[in-house]
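The structure under discussion appears below in the form of structure tokens.
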Amino acid sequence: MQYLFRLRLNPAQRALARNRWKCGFPFSGPVRLATTAAASSKKLDLLAIDRKWQEKWHTDAAAKPSAPSAAVASDKPKSYILSMFPYPSGTLHMGHLRVYTISDVLARFYRMRGHDVLHPMGWDAFGLPAENAAIERGIDPADWTRDNIARMKEQLRSISTSFDWDRELATCAPEFYEHTQRIFLKLYEKGLAYQAEALVNYDPVDKTVLANEQVDANGFSWRSGAKVEQLNLKQWFFRITAFKEALLKDLDTLAGGWPERVLSMQRNWLGKSYGAKIKFPVVVEGNESTSLHVDVFTTRPDTLYGVEYVALSLNHPIVLEAAQQDTALRQFLNEAASLPPDSKAGYKLASVSVSHPMHSIDKETPYVARQLPVFAAPYVLSDYGEGAVMGVPGHDTRDMAFFKENVNPEFVPVVILPEHPSGTEYNMAAGLVPAADAKAITQEGYLSARCGKYQGLPSREAGKQIVDDLNRAGHADAVEQWRLRDWLISRQRYWGAPIPIIHCSNCGPVPVPDDQLPVRLPQIEGEWLKGKRGNPLESSDEWVNTKCPSCGGTAKRDTDTMDTFVDSSWYYLRFLDPANKDRPFSPSLARPVDVYIGGVEHAILHLLYARFIYKFLAQSDAFPELRQTEDSSTPAEPFKTLLSQGMVHGKTYSEPSTGRFLHPDEVDLSSPDRPTIKGTQVTPNVSFEKMSKSKHNGVDPTQCALRYGADATRAHVLFSAPVSEVLEWDEAKIVGIERWFGRLWKLVLETQQTLVSSSYTPNSEKTTLPDSLQDLRDSDADAVLFTHRTISSVTSCIETNPYGLNTVISDLTKLTNSLSSSTPASPQILYLCVSSLLRLLAPVAPALASECWEILHNAAVQNDISRAPTIFDCCWPTPLLSTEQADALATRGGLTVAVQINGKLRFTVTVPRMPSPTTTAEASGKSGMSAEEQDWIIGRILETDEGRSWLQQKNDWDKRRRVIVVKGGKLVNVVF
Ligand code: ANZ
Ligand code: ZN
């Protein structure tokens with residue numbers, strides 16, 4: 001292949017070449033085009049093209065001189081495009097392919113737009129799987145991780161991604177986690193990292209703490225099979241709740257940049273609600289206690305007259321105390337601990353009940369004079385509100401279910417009536433409905449006759465009055481409640497960043513001094529690799545025992561490591577300054593990510609933690625540049641725009657009778673429209689489902705790239721669904737992309753031939769439009785207009801609505817088709833349109849576009865390799881026409897209309913064609929035109945000098961009686 005060449009330039013030459021071709025059309029002077037007969041007969045070989053360009057990019061990147069931290073300041077606009085970094089599992093999956101394709105398209109686009117783009121990649125490399133692999137296979141987690149990273153890096157290369165590998169990082173590298181530890185210590189210094197007791201899952205056989213994911217649905221350990229116990233152990237927390245107001249408020253400023261769905265998931269997680277804390281006096285064996293009460297948190301104090309019971313969490317002090325005397329309760333607590341939170345189970349405390357708080361101020365209403373039963377119930381969360389619920393079955397669905405299950409009532413009291421009580425069947429106003437078919441009325445309304453003096457009041461007002469009245473009697477407080485809890489960050493595991501604290505019996509916890517960071521993980525010993533259980537940090541005496549930095553006495557290291565979410569809460573800042581040895585990053589280099597792309601599964605925790613850490617760093621003295629200025633309306637937020645991409649589902653076959661999932665090998669796909677189960681005539685069920693091993697529906701993106709080429713795979717991923725939606729991966733449909741590429745290839749080869757035979761030389765000065773657009777031939781004008789519109793729509797899609805990236809593919813396909821079917825006659829216009837198309841294609845299909853570009857500029861390449869700019873050295877095409885020019889082109893070749901007045905020909909004018917006439921069924925009458933088109937023509941006639949003179953001055957247009965448009969608009973008859 002004549003243009004198969006390898007650039008061998010030293011970095012300085014390369015920089016020179018790059019600068020020379022910074023922008024505009026590539027050739028500063030005319031270059032002779034060679035005749036290349038071979039080109040037109042060349043077959044499109046996407047795989048060979050991939051190999052050639054991937055290799056070139058690889059060598060180019062290796063020769064790149066830049067040292068990231070010493071990056072020269074440029075006045076180009078900066079864009080930081082980041083995809084969520086992967087866990088190095090060793091294999092790239094379809095979700096990865098999707099997210100990295102999207103980020104790569106954006107990165108390449110902004111580079112071509114002349115931005116200084118940062119598009120780094122790294123590895124979220126700590127975490128359980130490495131540890132499990134170590135235990136199962138006896139490999140050091142560090143080795144396992146390193147091998148996986150190498151493999152995945154190669155896979156990322158195979159899908160033609162353009163990452164800034166010179167900034168690569170791995171969170172498990174001591175050079176990285178040293179700074180994770182530094183950030184921990186900053187939080188500790190500010191009182192934002194602290195230790196407290198918390199319930200953890202404990203495996204009594206393996207003698208180890210388990211992550212929630214390691215406990216199965218029935219509460220057994222994934223590994224030992226032992227019944228998991230809940231133990232109270234000292235754990236490290238980050239005080240994220242100190243930032244809750246800012247975390248909530250600043251979500252408003254992200255509207256527009258973040259999907260509304262993610263914003264509302266964040267809001268729900270923070271969970272700010274307003275309500276009341278209400279005290280229920282405790283009755284022990286019939287006697288009301290004066291001092292003891294149960295506090296409940298409720299958001300609906302208006303429903304207080306409907307309370308039928310109080311439910312307590314399993315570890316509420318009253319429950320724990322009752323359990324000391326009650327063996328049956330103890331047994332219940334044991335069993336209930338592993339029940340799901342929506343369980344209806346309950347245990348009625350034998351010796352404890354409560355009286356109704358309203359009784360203290362309302363002696364008249366009979367219902368509130370009763371005592372109410374108290375239950376222990378797993379549905380009550382121990383760490384929300386007061387760990388106690390007032391049960392209002394009439395108005396809360398969970399309470400209703402619980403009440404029916406545990407109380408077996410005949411009636412359910414209704415205390416809130418919807419505005420227009422529709423249920424006349426029961427005496428709603430009296431407020432009792434038979435329990436059998438009762439449904440909770442959960443919306444607000446008006447208080448019923450059961451509610452004493454509050455009867456008839458609307459919910460809000462009643463709630464407020466009830467809380468005020470109770471408050472005066474010392475029985476209630478208005479409170480604000482948050483769902484957000486502090487972040488439990490310690491893990492009793494090996495493969496994580498060690499917590500940099502030393503415990504001294506004299507001094508207590510002492511931070512590891514800065515100059516002793518990082519606290520490195522000890523090398524793990526053979527015994528543990530051979531399957532020894534527990535946390536190897538604890539058993540490594542040499543590592544654990546140390547000196548207290550404060551008093552010099554013997555002391556022990558903290559043996560916990562940090563949750564991997566801590567690593568990912570700040571890694572995006574490290575990319576900005578990856579080589580900084582002294583601190584996590586230099587404040588002067590810190591800035592938020594412009595576009596962050598990742599799976600919706602991280603829409604809550606990862607983003608919340610990252611927002612928290614960023615806000616903390618921004619207000620910390622160490623990073624003043626991040627700080628939000630008092631009057632600034634831009635709050636400290638790490639991710640300006642968030643693209644959250646949907647899942648990739650795989651084609652799944654199952655046997656209709658049994659539902660058994662079939663391996664694709666078991667299905668005969670020889671007639672694609674009618675698959676059958678091999679050896680039978682049975683048609684399998686076909687669906688799209690989340691890819692998983694058990695469903696045999698997984699697809700390996702690297703295999704795909706090897707079969708169809710990286711470009712076709714990328715284009716197919718982008719085309720198959722809008723970014724935020726589920727993508728149903730159907731490999732059979734990739735032929736659509738292959739056909740498009742085939743047409744494009746043919747178009748490029750033919751274009752090159754035309755340029756050669758017409759001796760046209762692509763030249764930056766000449767490749768502008770001719771001055772008089774009206775003189776363009778039809779095919780040229782159409783091509784210019786089509787290309788212009790495609791440039792505008794593709795640009796605006798990528799820039800302002802990347803969620804619609806799928807439309808970029810269809811726009812480019814249409815332009816290819818249009819240029820292929822009515823090829824511009826002028827070589828200049830042909831070159832302009834085809835070279836624009838290639839540049840629009842470049843971010844999506846980088847290798848194919850590069851190859852086509854090279855073919856188009858073939859001679860230049862031959863003449864002087866060092867001067868050959870690649871397509872990525874050229875800038876993104878700007879729209880070819882002004883709005884007026886586009887309108888003029890769209891309406892060119894106007895229509896000549898003869899105008900008769902009262903049957904007499906008065907004048908003839910030429911009016912422009914309607915820009916996009918609707919040739920629909922409405923087209924009516926003799927004119928063969930739609931009413932809209934007729935109005936358009938009349939409007940244009942009235943704008944001409946003749947029209948004004950004849951129809952407005954000599955006659956009064958407003959007094960016209962009839963206007964008849966005939967002969968496709970060539971004749972218009974106006975009757976006055
Ligand atoms: C009585 C009631 C009546 C309630 C009614 C709701 C509707 P949000 O809005 O999410 O903050 N609750 C309080 N503490 C709880 C706990 N520890 N575990 C489980 N549920 C608890 O939810 C507040 C509501 O959740 C509270 O208002 C309480 O039920 C329940 F018609 O009180 B409500
Ligand atoms: Zn000490």
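Computed from heavy atoms alone, side chains included, the values below leave out hydrogens, waters and symmetry copies.
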Are [X] and [Y] side-chain neighbours, meaning at least one heavy-atom pair lies under 4.5 Å?
X: Trp876; Y: Glu799; result: no
X: Leu44; Y: Ile49; result: yes
X: Leu718; Y: Val808; result: no
X: Val966; Y: Asn973; result: no
X: Leu841; Y: Trp740; result: yes
X: Leu97; Y: Thr713; result: yes
X: Trp957; Y: Leu942; result: yes
X: Thr787; Y: Leu840; result: no

Practice prompt. Determine whether the aromatic ring centres of Tyr100 and His119 lie less than 6.0 Å apart.
Written response: no
Strictly distance-based, threshold 3.5 Å: is any side-chain N or O of [X] a donor or acceptor partner for the main-chain N or O of [Y]?
X: Asp116; Y: Lys76; answer: no
X: Asp711; Y: Leu848; answer: yes
X: Arg940; Y: Ile937; answer: no
X: Asp780; Y: Ile829; answer: no
X: Arg948; Y: Glu943; answer: yes
X: Arg960; Y: Val975; answer: no
X: Asp50; Y: Ala847; answer: no
X: Arg839; Y: Cys875; answer: yes
X: Arg108; Y: Val844; answer: no
X: Ser818; Y: Lys814; answer: no

What are the two closest non-hydrogen atoms of [X] and [Y], and how far apart are they?
X: Pro802; Y: Leu106; answer: CB-CD2, 4.3 Å
X: Ile791; Y: Pro877; answer: CG2-O, 3.3 Å
X: Ala721; Y: Val726; answer: CB-O, 3.6 Å
X: Phe872; Y: Ala842; answer: CZ-O, 3.5 Å
X: Leu819; Y: Cys833; answer: CD2-CB, 3.8 Å
X: Tyr803; Y: Leu642; answer: OH-O, 3.0 Å

Do [X] and [Y] get their side chains close enough for a donor-acceptor pair, meaning under 3.5 Å?
X: Arg261; Y: Ser644; answer: no
X: Asp811; Y: Thr790; answer: no
X: Gln828; Y: Ser826; answer: no
X: Ser820; Y: Asn817; answer: no

The criterion is ring pair (Phe, Tyr, Trp, His ring centres under 6.0 Å); which residues satisfy it with [X], sequence neighbours excluded?
X: Tyr596; answer: His606, Phe639
X: His649; answer: none
X: His788; answer: none

Say you draw a straight line from [atom1] of [X] to [atom2] of [Y]; how long is it, rounded to the nearest 0.5 Å?
X: Gln752; Y: Lys42; atom1: CD; atom2: NZ; answer: 11.0 Å
X: Arg714; Y: Ile159; atom1: CZ; atom2: CD1; answer: 7.0 Å
X: Lys954; Y: Arg906; atom1: NZ; atom2: CZ; answer: 8.0 Å
X: Leu815; Y: Ser836; atom1: CG; atom2: OG; answer: 8.5 Å
X: Leu118; Y: Arg111; atom1: CG; atom2: CZ; answer: 9.5 Å
X: Ile81; Y: Ile102; atom1: CD1; atom2: CD1; answer: 12.0 Å

Worksheet entry | side-chain contact (heavy atoms from CB on, under 4.5 Å) partners for Lys640, two or more places apart | Pro592, Asp594
Practice prompt. Kindly indicate, with the supporting measurements, whether the criterion side chain to side chain contact (heavy atoms under 4.5 Å, CB included) is fulfilled by Trp936 and Val911.
Written response: CA-CA 10 Å; Trp936 163 268; Val911 299; 5.6 Å; no
Discussion item. Which residue in the set Leu727, Val648, Asn697, Asp730 passes side chain to side chain contact (heavy atoms under 4.5 Å, CB included) when paired with Phe688?
Written reply: Asp730
Fill in: Candidates Val834, Val748, Leu837 - the one meeting side chain to side chain contact (heavy atoms under 4.5 Å, CB included) with Thr816
Leu837
Discussion item. Show, in sequence, the C-alpha distance, side-chain angles and deciding distance for Asp782 and Ser779, and conclude whether the side-chain hydrogen bond (donor to acceptor under 3.5 Å, both in side chains) test is met.
Written reply: CA-CA 5 Å; Asp782 286 345; Ser779 67; over 6 Å; no
Fill in: Met84 and Val99: CA distance, side-chain angles, deciding distance, side chain to side chain contact (heavy atoms under 4.5 Å, CB included) verdict
CA-CA 8 Å; Met84 292 180 184; Val99 68; 5.8 Å; no
Worksheet item: Under 4.0 Å between a Lys/Arg side-chain N and an Asp/Glu carboxylate O for Arg267 and Glu260?
Response: yes
Practice prompt. Kindly determine whether Phe976 and Asn902 satisfy side chain to side chain contact (heavy atoms under 4.5 Å, CB included), including the steps that lead there.
Written response: CA-CA 7 Å; Phe976 284 97; Asn902 295 336; 4.2 Å; yes
Discussion item. Below 30° counts as parallel, above 60° as perpendicular, anything between as tilted: where do the rings of His115 and Tyr110 land?
Written reply: tilted
Discussion item. List the residues meeting side chain to side chain donor-acceptor pair (under 3.5 Å) with Ser810, not counting sequence neighbours, and say none if there are none.
Written reply: none
Worksheet item: Going through the checks in order, is the side chain to side chain contact (heavy atoms under 4.5 Å, CB included) test met by Leu254 and Leu263?
Response: CA-CA 8 Å; Leu254 296 173; Leu263 291 176; 4.0 Å; yes
Practice prompt. Name all residues meeting the salt bridge (Lys or Arg N to Asp or Glu O under 4.0 Å) criterion together with Glu731; count only those two or more places apart in sequence or in a different chain, and write none if there are none.
Written response: Arg707
